[in-house]
Q: 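Mind having a look at this structure? Questions to follow.
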Amino acid sequence: MVRDPLGTEDSPELQSVLDALDDPDCRRIVRQIQEPMTASEISTQCDIPTSTTYRKLERLTDASILSEQTAIRTDGHHTSEYALAFEEVKVFLDEERQFEVSITRPTQSAEEQLAGLWAEVRKET
């Protein structure tokens, strides 16, 4: 699945959001992230095994709850960092009485948008 590099997608799939938020480890990760963190930092902070952390991070990014960005390092060993990608999540009934999900996203600076775009390019190469 190719994610929208600028994070402007309308809404993620309802079930992926519900599944992520139903997972206690995913909720723990979301509660701990106050600024961008690496998977290793998240694993340590949340006391979750690294292999499990990567699965949970994938679930959260697929649900558009977290964003993954590349942290550029001077030593050339770039790494991924994860940050919250929402301000508010709403589940509601639309006009046809179907459940929908809406995610309000924080405003991103041009630098943050470029970092997100770079992360997507790296995944595709």
Side-chain angles (χ1 to χ4, degrees):
M1 172 184 193
V2 177
R3 294 181 188 99
D4 180 359
L6 296 178
T8 57
E9 62 196 33
D10 291 328
S11 297
E13 290 188 27
L14 173 66
Q15 195 60 53
S16 67
V17 173
L18 294 176
D19 289 344
L21 295 176
D22 187 45
D23 184 311
D25 288 337
C26 288
R27 290 194 310 267
R28 185 177 329 147
I29 290 169
V30 169
R31 283 193 305 269
Q32 289 298 318
I33 295 179
Q34 294 179 15
E35 59 185 40
M37 298 172 71
T38 65
S40 177
E41 292 169 336
I42 292 167
S43 175
T44 301
Q45 186 81 16
C46 295
D47 195 27
I48 301 172
T50 304
S51 59
T52 301
T53 299
Y54 278 107
R55 285 195 312 273
K56 304 304 179 175
L57 291 172
E58 182 176 5
R59 176 178 263 185
L60 289 163
T61 55
D62 286 348
S64 299
I65 293 171
L66 294 183
S67 62
E68 179 182 1
Q69 298 178 349
T70 301
I72 307 298
R73 295 187 174 168
T74 57
D75 65 2
H77 294 94
H78 309 315
T79 187
S80 291
E81 289 185 334
Y82 299 87
L84 295 181
F86 74 96
E87 290 179 348
E88 183 176 65
V89 176
K90 292 181 183 179
V91 176
F92 60 95
L93 289 172
D94 65 11
E95 299 83 30
E96 292 147 13
R97 307 295 293 166
Q98 298 295 316
F99 281 101
E100 292 290 330
V101 64
S102 169
I103 295 183
T104 305
R105 308 230 178 258
T107 305
Q108 287 188 320
S109 68
E111 183 177 298
E112 291 169 326
Q113 290 179 11
L114 183 58
L117 183 58
W118 176 249
E120 290 301 319
V121 168
R122 251 186 84 222
K123 287 179 199 169
E124 298 298 320
T125 58

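What you see below is based on every heavy atom in this structure, not just the backbone, and it leaves out hydrogens, waters and symmetry mates.
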Q: How many angstroms lie between atom CD of Glu68 and atom OG1 of Thr79, to the nearest 0.5 angstrom?
A: 9.0 Å
Q: In Å and rounded to the nearest 0.5 Å, what is the CD1 to CG distance from Ile29 to Leu66?
A: 7.5 Å
Q: If you compare all heavy atoms of Ile33 against all heavy atoms of Ala83, which two are closest, and at what distance to 0.1 Å?
A: CG2-CA, 4.1 Å
Q: Identify whether Val30 and Tyr54 are in the same connected component of the hydrophobic contact network (ILVMFWY, side-chain heavy atoms under 4.5 Å).
A: no
Q: Considering residues at least two apart in sequence or located in another chain, which fulfil the side chain to side chain contact (heavy atoms under 4.5 Å, CB included) criterion with Leu18?
A: Leu14, Gln15, Val91
Q: Between CG of Asp19 and CZ of Arg59, what distance do you get to the nearest 0.5 Å?
A: 5.5 Å
Q: Do you know which two heavy atoms are closest between Ala63 and Ser16, and how far apart they sit?
A: CB-O, 3.5 Å
Q: I need the Glu35 CD to Glu41 CD distance, nearest 0.5 Å.
A: 8.0 Å
Q: Find out whether Phe99 and Leu93 are in side-chain contact, i.e. whether some heavy atom of one side chain is under 4.5 Å from a heavy atom of the other.
A: yes
Q: Could you give the distance from OG1 (Thr50) to CD1 (Ile42), rounded to the nearest 0.5 Å?
A: 11.0 Å
Q: For the atom pair OG1 (Thr53) and CD (Gln45), what is the distance rounded to the nearest 0.5 Å?
A: 11.5 Å
Q: Give a yes or no answer on whether the side chain of Thr44 reaches the backbone of Ser40 with a donor-acceptor pair at less than 3.5 Å.
A: yes
Q: Okay, side chain of Thr38, backbone of Glu81: is any donor-acceptor separation there less than 3.5 Å?
A: no
Q: Which pairs with one or both residues in residues 82-94 pass salt bridge (charged side-chain N to carboxylate O under 4.0 Å, His left out), sequence neighbours excluded?
A: Glu88-Lys90
Q: Can you name the nearest heavy-atom pair linking Leu60 to Ala20, along with the distance?
A: CD2-CB, 4.0 Å
Q: Provide the closest heavy-atom pair for Pro12 versus Val17 in the form atom of the first, atom of the second, distance.
A: CG-CG2, 3.5 Å
Q: Taking the side chain as every heavy atom from C-beta outward, state whether Asp25 and Cys46 have any atom pair closer than 4.5 Å.
A: no
Q: Give the cluster check for Phe92 versus Ile65: same hydrophobic cluster or not, with ILVMFWY residues linked at side-chain heavy-atom distances below 4.5 Å.
A: no
Q: Which atoms form the tightest heavy-atom contact between His78 and Thr70, and what is the distance?
A: CB-CG2, 3.8 Å
